[in-house]
Amino acid sequence: MSALLEVEDVSRVYRTGGLFAARRVTAVDGVSLQLEAGRPEILTVVGESGSGKTTLARMILGMVPPSTGAIRFKGKDLADIRGSRARLAFMKEVQPVFQNPFEAFNPMKRLDRYLFATARRMAGVEGEAAIRDAADGALKEVGLSLAEVRGRYPHELSGGQLQRVAIARALISKPALLVADEPVSMIDASLRASIVNLLRGLRERRGVSIIYITHDLATAYYVSDRILIMRHGKVVESGEARAVLDDPQHPYSQLLKSSVLSPEVPPTGAAFHA
Amino acid sequence: MSEPVLTVSGLRAWYRTSAYGVSREVRAVDDISLSIAAGEIYGLAGESSSGKTTLIKTIANAIQPPLEVLAGSVVFRFGDRPVDIHRISREALGKIRWKHLSYIMQGSMNVLNPVRRVRHTFFDFAFRHIGRPKPEFLQVVRDHLQRLHLAPDVLDAFPHQLSGGMRQRVTIALATVCRPEFIIADEPTTALDVVVQKGVLAMIHEIQRELGSSIIFVTHDMAVHANLTDRLGIMYAGRLVEEGRTADIFRAPRHPYTAHLIASLPRLGDTAPKKGLDGAPPNLADPPPGCRFHPRCPRASDICRREAPPMAELSPGHRAACFHPEPERPA
Amino acid sequence: MGRILIDLLRFNRQFAVGLVLLAIVLGFALLSFFSPYPPNDSFVVPPDVPPSWAYPMGTTSRGQDLFWLLTFSIRNTLLFGVTVALISRLLALVIGLVAGYCGGLVDRALMSINDTFIVIPLFPILVLFYFVMKDHMSWGLLALMMACLGWAYDARLIRSVALSLRTREFTETGIFSGMSMRQILVEEHLPYVLPIVFSTTMNNINWSIGLEVTLSVLGFTDINTPTIGVLIYWANQHTALVAGIWWWIFFPVLLVILAFIGLFLLAVSMNEYIDPRSRLGRSGG
């Protein structure tokens, strides 16, 4: 079986500060992971702020080069992708979904621009009608339609709808991998379930592999096949999602799990005893 | 039962703007009544654009144009004298603030002066209210920090030297050092990591029990409400749609919106399919007629499209604004 | 566009006043096309006549009708200011946006050029330029020179905005939608930078007119093209103020002030209108 994505002992070091007082911050420290081709799965990366999960996502998207280690997509090292044509070919296969749907689109521009641009440039669709069809098809996949989105500005839609549009846009080029960085953390609770369901459905229907970055263990449990728990740039525990979350082995995973507040009123009424 | 500390009645607060011939009215808070008793933690839940932030601003009298209060009153009762917070002078308000009524906000950096040591912020906010000479005042602050399990050294730190969780603890200490009767907590743990959040919530709970203050605690996170609050109010599109004891609401929500909200919460260890709610919260500049939830409601009927349901007591202490409430479930 | 203008006129006093002032100045400049005398002819009317019905702004000691001469002068001065502003805006936009977007080495290289232009002293260079060019000096050349010296501050300002735009998620969405760099800069980032450009255009026109007047008054420009500065230069040559020919100085200065105030009000009101916050407020968020 060939690998769709191989992340091999990847680290990322940032230098901060000036010429003399420079400090080195290791955001990601020796992380490895692998996704198989032909077996779509949702791999969840869980961690708190500062755990390096977003940096990892950005490296996989080719937005940040790793300091050491290698990332290969379909056997090709991301460091060897040079020139705009190769970049486009890579982006066609690996698409992002960002955290804040209100930020993911320029507030002063119409939403359909992004859909049409993706259809034209990434998916290579030609002709106005075909481009509209491609956008409409992708929007239908996420439970919207072009008629609802066309000519609208971001502020006219709710966060949940915008995040669907963002996912639809990412789907237009028929990518093999979606990297979703905290896609529901900015979305209202009543709309969150449908986005999470959507991700689950995409893996089943479209065979897209998804790297799902989150700090929320409950949704991680709900959607993921496999899970990586990160802390301070390192993977502390990984494995089959439900097995890990049902019975975490690493002390940090255990702490994380015990800190999650259950949305149930505790029988005694008082949850917090110091 | 004693007099409530806070009584909000018939409150309407709208944003009214007019620029370049386009006038807009956003009915962010539309006819809300509620009361909060001494020593209780009242949770206020709602999604974005539900009006909960506006309600809090109105309660705190932090009203700036284009926000206007059109009707209703916000009355606090500190001691035995009722005070309508929208009808008192600036000086009187200054005397009440921090001594009787204080705030814990989401961005701790908004309270802590970034270029001065924490000590100075305590002086700025609390010195004149405590009214003791400097060394004694500092002793009061140190004792208070100790009670909150914070090392008194934080007084000599700059805010940026503290972690996010520690900063939020310091702002809680700051908000409670004058032993206020009422605390407004606006999403105080939203920006924190789960591990830190749990500690901060425990701290709020502990100090509240010790001081006997009332808290109105605003967050969109239902899990926090479940674990912290005594009573809970659910807001939707500028209106209070359900209110009751937190335990009752979680056990048997009566408003379909609340019912959905609670059913859709992800729980660790649960993989049963969850249903999302279709549609989106209404635009408050042009809310739907009748019940504002009816376009998304599975139980909606004709009357819901015509008339706004009034808040009605369905069982003792449990109110909901719905013509077709979910069935009651005996405990 | 038409609706925007009507909206602005109806609801924004500053805009209306600014537009009226500028219309007066522009109308005055346009009158130059109907002038009975060519601008450089002298002694076509009796010299040193105070303002009267026959000569509304009086005549100069060189026997020119100040009214008609001023129409040419203000036209050339405005044209000069606008030319400098347009060229330098173009430079500032391209350099600022590209530096902010590309970051890294490109940014550092462009910004070191930029900082060089910020620290070099303008006035001596312009004077030196005059002495090198001497008779070849024309206002077009001077405009180009000043545009090349006048972009640096604004390029830095634009770059700082572009740097923050680069990190916004919608820029990434643009990249992953396959948009080219040019498309992202022009369609995604430019709208955020335009308000700055509008207000700095105003400053820049001010600055270039002011500098041109200064240079002209001292005689360091092509004194055969009538501008406001050249007009004052000639007035000084004839010691107009000492001789009591006050109108020779008064009317050019008045006209420049009117133009300044008009442009300023326009810039301020347009700025408010273009501001994304006010724009979102109007469209209904």
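Chain letters run A, B, ... following the sequence lines, proteins first and then strands; every chain starts at 1.
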Which distance, rounded to the nearest 0.5 Å, do you find between the CZ of A:Arg120 and the OG of C:Ser177?
11.5 Å
Drop me the distance from A:Phe90's CZ to C:Phe176's CZ, to the nearest 0.5 angstrom.
6.5 Å
Is it the case that atom [atom1] in [X] sees more than 12 heavy atoms from other parts of the structure closer than 6.0 Å?
| X | atom1 | value |
| --- | --- | --- |
| C:Arg182 | CZ | no |
| C:Tyr153 | OH | no |
| C:Arg108 | CZ | no |
| C:Phe129 | CZ | yes |

So which residues of residues 158-169 of chain C are in contact with chain A at a heavy-atom cut-off of under 4.5 Å?
C:Arg168, C:Glu169
Side-chain heavy atoms of A:Ser84 within contact of C:Met181, under 4.5 Å:
no
Is any side-chain heavy atom of A:Tyr114 closer than 4.5 Å to one of C:Met179?
yes
Segment of A:Val94 engaging chain C (4.5 angstrom heavy-atom cut-off)
backbone
Contacting moiety of A:Ile172, where chain C heavy atoms sit under 4.5 Å:
neither
Does any heavy atom of chain A fall under 4.5 Å from the side chain of C:Ser180, the backbone, both, or neither of them?
both
For the residue pair C:Gln183 / A:Arg113, report whether a side-chain donor-acceptor contact shorter than 3.5 Å exists.
no
With A:Asp133, which residues qualify under salt bridge (charged side-chain N to carboxylate O under 4.0 Å, His left out), at least two apart?
none
Has the side chain of A:Asn106 got a donor or acceptor atom that lies under 3.5 Å from a matching backbone atom of C:Phe170?
no
So, does A:Lys109 use its side chain to make a donor-acceptor pair with the main chain of C:Glu187 at under 3.5 Å?
yes
